[in-house]
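What follows is one structure encoded as structure tokens, with my remarks underneath.
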Protein chains: 2
Amino acid sequence: MTAAANHHGRRTTTRTRRLERAGIRDVAAAAGVSITTVSDALNGKGRLPDETRTKVREVAERLGYRPSAAARTLRTGRSGLIGLTVTTYGQEPFTFTEFAYFAEMARAATSAALNRGYALVVLPASSRHDVWSNVALDGTVVIDPSDHDPMVADLYRQGLPVVSDGKPGNCPVTAWVDNDHHAAVLGILDHLAQAGARRIGLLTGTSTDTYTRLSTEAYLGWCRSVGQEPLYEAYPAHDPCAGAVAADRLLARPDRPDAVYGLFDPNGTDLLAAARRYHLRVPDDLLLVCCSESDVYAATEPPITTLSLKPRRIGTTVVNLLIDAIEGHTSENPSPTDETATDRRVSGQLMPTELIVRRSSQRRPPRTTVSAPRPPGEE
Amino acid sequence: MTAAANHHGRRTTTRTRRLERAGIRDVAAAAGVSITTVSDALNGKGRLPDETRTKVREVAERLGYRPSAAARTLRTGRSGLIGLTVTTYGQEPFTFTEFAYFAEMARAATSAALNRGYALVVLPASSRHDVWSNVALDGTVVIDPSDHDPMVADLYRQGLPVVSDGKPGNCPVTAWVDNDHHAAVLGILDHLAQAGARRIGLLTGTSTDTYTRLSTEAYLGWCRSVGQEPLYEAYPAHDPCAGAVAADRLLARPDRPDAVYGLFDPNGTDLLAAARRYHLRVPDDLLLVCCSESDVYAATEPPITTLSLKPRRIGTTVVNLLIDAIEGHTSENPSPTDETATDRRVSGQLMPTELIVRRSSQRRPPRTTVSAPRPPGEE
DNA sequence: TGTTCATGGAGAAACGTATCTCCGACGTCT
DNA sequence: AGACGTCGGAGATACGTTTCTCCATGAACA
């Protein structure tokens with residue numbers, strides 16, 4: 001009561017602010033209890049009889065009391081906010097949701113975070129530094145960090161848990177989740193080979209992220225193992241026009257492939273357009289697969305076989321790992337600067353992909369009816 | 001210096017925490033200046049010689065000092081965070097990015113916020129209340145608030161700026177942005193009529209949001225003005241299956257329409273499928289338009305004419321309005337409880353839409369060749 | 001009748017920053 | 001030589017919580 005009176009006195013004498021948002025002190029005063037009691041009652045802590053609890057809650061409700069998130073964060077050191085960092089390519093403004101993968105992944109991540117009482121804020125790695133330092137994060141999800149990503153290193157140095165989607169190249173993270181890109185690519189190549197492909201080409205990227213690197217390596221390894229000469233074109237994945245050009249180049253080669261796997265979402269339509277230019281029929285003359293989450297490929301002519309990375313599952317897993325880390329050992333953090341700690345074993349997790357087989361990668365009678373017209377109205 | 005020594009003394013005596021993150025006090029101590037000076041130097045305020053400024057900055061950098069966002073927020077009352085609220089329908093988990101409109105709008109909003117130094121956090125209206133009150137928001141963007149939306153009222157009561165995407169039915173907002181739905185619908189109906197439609201049907205929703213309401217009203221008004229009997233089916237827009245059923249019902253009616261406009265994104269494919277079931281050719285027997293941001297409709301057979309609401313422009317505008325409100329009169333807020341204030345004029349803004357005309361709404365020779373087969377290989 | 005325990009709750013110290021107030025010192029002008 | 005303006009900076013307070021510590025009260029117990 002004294003505290004309350006004190007508070008009220010201070011308020012009225014020093015300033016004459018209109019319409020202050022009710023604080024915990026006001027609730028305490030109105031309920032005739034101490035601040036401690038209000039806090040305990042509202043947060044379900046302490047030992048209080050139910051009547052006190054309900055009374056305080058009622059008063060708080062009546063005053064429209066909303067606890068200050070900032071004060072709580074300052075006091076507890078936890079904001080309930082986690083960041084989702086998407087590494088932007090080059091100077092592109094903001095490629096989030098550009099690819100369906102990001103959109104799906106972000107949605108799942110947001111959802112998973114909310115389920116556990118956290119909110120998620122999307123922060124492109126390239127955004128102004130003041131934005132970054134202005135938001136109190138409990139941890140961060142990083143999508144596809146590049147090798148030696150300075151941002152990840154910085155976050156980690158601050159003692160924040162960092163979980164990455166995509167096996168981290170050479171930066172310290174708390175945990176990571178990734179698809180089994182190696183197995184996925186091998187599966188696709190085998191699938192194409194089984195459909196009759198003899199010379200499988202690859203449309204890949206020039207950047208150093210894990211996805212591109214692992215996939216390309218898997219392709220090269222496969223080529224070695226089956227004795228095929230590699231046929232690939234690499235282009236900067238962030239540039240949509242470059243993709244179309246690269247697709248064209250790939251099909252223009254004298255040693256033209258009879259099947260192509262494209263690593264990026266738009267490759268399917270690009271390759272289809274290029275095939276049309278060269279009068280190649282899909283799947284008769286050219287088998288096509290691309291990695292995409294978009295359902296447009298179910299409606300193209302012909303429908304294109306796609307590899308889904310299951311971004312929802314990834315997003316959910318990543319967020320749950322992050323929150324586990326946040327809540328698990330927030331005080332027992334193995335002191336990032338303590339380089340001697342052997343506790344550095346990073347837990348990684350591989351998740352399966354799904355190959356959605358459509359017409360573009362199937363020749364019905366394997367080799368004979370290459371140019372046989374399909375019966376109309378088949379669909 | 002005294003303060004610094006004092007601080008340091010307190011630190012070492014009271015607790016022995018390992019690895020404290022450097023605070024402003026540590027920087028002050030290391031630089032041999034006061035806290036005030038550090039704060040001023042880092043924030044570019046106060047009157048300080050450049051040498052002091054640079055020295056302090058250097059020390060801060062060396063110590064890896066990161067100002068506590070929570071403390072700053074508590075002190076200044078500004079978090080640099082704005083919320084993006086998507087009203088979820090029913091008990092659906094989280095329909096964000098379900099429709100391309102939301103995805104595009106959210107992306108643009110995030111981008112616009114970042115450009116002005118704010119971060120954006122997506123919060124479904126239905127999420128746990130504790131999440132809501134746990135994040136310090138400077139303001140909120142609300143997508144399509146329902147009539148008397150309690151959440152909006154609550155936010156507004158707290159004195160937070162609220163800007164809505166979609167003209168608010170009956171809840172107080174700081175500003176709003178919307179498409180000119182009336183004009184858009186009229187434009188579509190005229191377009192269809194000009195293409196030869198005599199009986200235009202509507203696929204609409206059962207919810208009370210502005211978009212649905214205004215669009216339906218525009219349709220009904222148009223019907224009255226041209227003397228056509230309204231032909232529409234309404235269904236709960238959040239249920240994907242219900243959309244297919246409603247589309248089917250609409251085409252099953254004895255007074256079957258010869259053109260349909262669907263208000264929601266999936267209506268195009270639903271209507272196309274229904275038309276196929278009834279052996280109606282599009283556009284010969286049935287003209288089709290639907291509202292969608294998805295580019296799948298460029299690749300359907302036939303391609304479907306769509307109305308784009310230009311979500312990017314909306315998202316950008318909404319966020320800029322919100323930030324203007326936040327920065328404009330943060331202290332001169334016209335006291336929400338002061339109901340007598342005549343300052344309640346809410347600034348609204350209508351933005352244009354774009355009709356992307358494709359084959360589904362065009363009959364080449366207007367009325368005569370209703371059933372003439374198209375030449376093959378036209379595309 | 002003293003001792004112990006559980007109950008219910010109050011006081012006060014942080015959390016780390018921004019900022020308001022004020023103070024000394026050093027020209028400069030009259 | 002005193003009044004005064006400016007520069008550079010120090011002190012202290014408040015932002016609104018959470019939480020640690022501790023105290024009063026009454027009941028149970030020997």
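Just the heavy atoms: all of them, side chains too, but no hydrogens, waters or symmetry mates, feed the values below. Numbered from 1 within each chain, the chains take letters A, B, ... in sequence-line order.
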Task: Pair B:Val122-B:Thr110, side chain to side chain contact (heavy atoms under 4.5 Å, CB included): steps then yes or no - done: CA-CA 9 Å; B:Val122 175; B:Thr110 306; 5.8 Å; no

TODO: Just do the side chain to side chain contact (heavy atoms under 4.5 Å, CB included) check on B:Tyr118 and A:Val131 with the steps written out, would you?
DONE: CA-CA 6 Å; B:Tyr118 286 73; A:Val131 174; over 6 Å; no

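Counting non-hydrogen atoms under 4.0 angstrom, A:Arg66 reaches the backbone sugars and phosphates but no base. Backbone-only engagement by A:Ser68 is indicated by non-hydrogen atom pairs under 4.0 Å involving sugar-phosphate atoms exclusively. If you check every strand for non-hydrogen atoms under 4.0 Å, B:Thr76 touches sugar and phosphate atoms only.
Between C:dG16 and B:Arg72, no contact under 4.0 Å exists linking OP1 or OP2 to a side-chain N or O.
The distance from atom CG of A:Leu74 to atom C1' of C:dA14 is 9 Å, rounded to the nearest whole Å. The separation between B:Glu51 atom CD and D:dG9 atom C1' is 13 Å, rounded to whole Å. The distance from atom CD1 of A:Ile35 to atom P of C:dA14 is 16 Å, rounded to the nearest whole Å. Between B:Ile24 atom CD1 and C:dA14 atom P the separation is 19 Å, expressed in whole Å. In this structure, B:Lys55 places its NZ atom 15 Å from P of D:dG8, rounding to the nearest Å. As rounded to whole Å, 17 Å separates atom P of D:dG16 from atom CG of A:Asn43. A:Leu42 places its CG atom 10 Å from the P atom of D:dT17, with the value rounded to the nearest Å. Between B:Arg53 atom CZ and D:dC7 atom P the separation is 13 Å, expressed in whole Å.
The pair B:Arg78-B:Glu327 does not count as a salt bridge, with every side-chain nitrogen at least 4.0 angstrom from each carboxylate oxygen.
Of the candidates B:Ile326, B:Leu160, B:Thr140, B:Ile326 is the only one forming a side-chain contact (heavy atoms from CB on, under 4.5 Å) with B:Ile82.
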Listing time: all N or O pairs from protein to nucleotides 6-9 of chain C that are below 3.5 Å?
residue, atom, partner, partner atom, Å
C:dG8, N7, A:Arg47, NH2, 2.5
C:dG8, O6, A:Arg47, NH2, 2.8
C:dG9, OP2, A:Thr52, OG1, 3.2

Which donor-acceptor pairs under 3.5 Å do the side chains of residues 37-50 of chain A make with protein atoms, sequence neighbours left out?
residue, atom, partner, partner atom, Å
A:Thr37, OG1, A:Ser34, OG, 3.1
A:Asn43, ND2, A:Ser39, O, 3.3

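Looking at residues two or more places apart in sequence or on another chain, you find no salt bridge (Lys or Arg N to Asp or Glu O under 4.0 Å) involving B:Arg62.
Residue B:Asp165 holds its CG atom at 12.5 Å from CG of B:Leu322, rounded to the nearest 0.5 Å.
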